[in-house]
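Count residues from 1 along the sequence.
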Amino acid sequence: VTEGSLLVRVVDASQRIHDEFFVRSNDIAIPAQGSQGLEVVWSVPAFTNPGVYTAQFYFLSSGSSFLAGVPFVLGVVGGVS
């Protein structure tokens, strides 16, 4: 995989989107049979209400092909945390 990007979407319990951002946009390269660790940091905005939030992850290759998750289809995520 070359030119990979990790899209992170932060949602609340009702699946309302509170934030969305790229981590290492077009900068991830993973060799065959390989893996790569990434650290994702989200600064919680001061106006955010208390509650439970989930980070949803989507992986794109070359900026256009989704290899994990489809962000424009509700419930089709590549991973959650």
Show, in sequence, the C-alpha distance, side-chain angles and deciding distance for Phe22 and Leu60, and conclude whether the side chain to side chain contact (heavy atoms under 4.5 Å, CB included) test is met. CA-CA 10 Å; Phe22 281 98; Leu60 294 86; 3.9 Å; yes

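Remark: Tyr53 OH to Arg9 CZ distance equals 16.0 Å, nearest 0.5 Å. The CG atom of Leu7 sits 9.0 Å away from atom CZ of Phe21, with the distance rounded to the nearest 0.5 Å.
Phe57 and Val52 are members of different hydrophobic clusters when ILVMFWY side chains are connected at heavy-atom separations under 4.5 Å. Cluster membership check: Val11 does not share its hydrophobic cluster with Leu6, using side-chain heavy-atom separations under 4.5 Å among Ile, Leu, Val, Met, Phe, Trp and Tyr. Linking Ile, Leu, Val, Met, Phe, Trp and Tyr whenever their side-chain heavy atoms come within less than 4.5 Å puts Phe59 and Val10 in one cluster.
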Please set out all donor-acceptor pairs under 3.5 angstrom arising from side-chain atoms of residues 27-43, sequence neighbours excluded.
{"unit_1": "Asp27", "atom_1": "OD2", "unit_2": "Arg24", "atom_2": "NE", "d": "3.4"}
{"unit_1": "Gln36", "atom_1": "OE1", "unit_2": "Arg24", "atom_2": "NH1", "d": "3.0"}
{"unit_1": "Gln36", "atom_1": "NE2", "unit_2": "Ala29", "atom_2": "O", "d": "3.1"}
{"unit_1": "Trp42", "atom_1": "NE1", "unit_2": "Asp19", "atom_2": "OD2", "d": "2.7"}

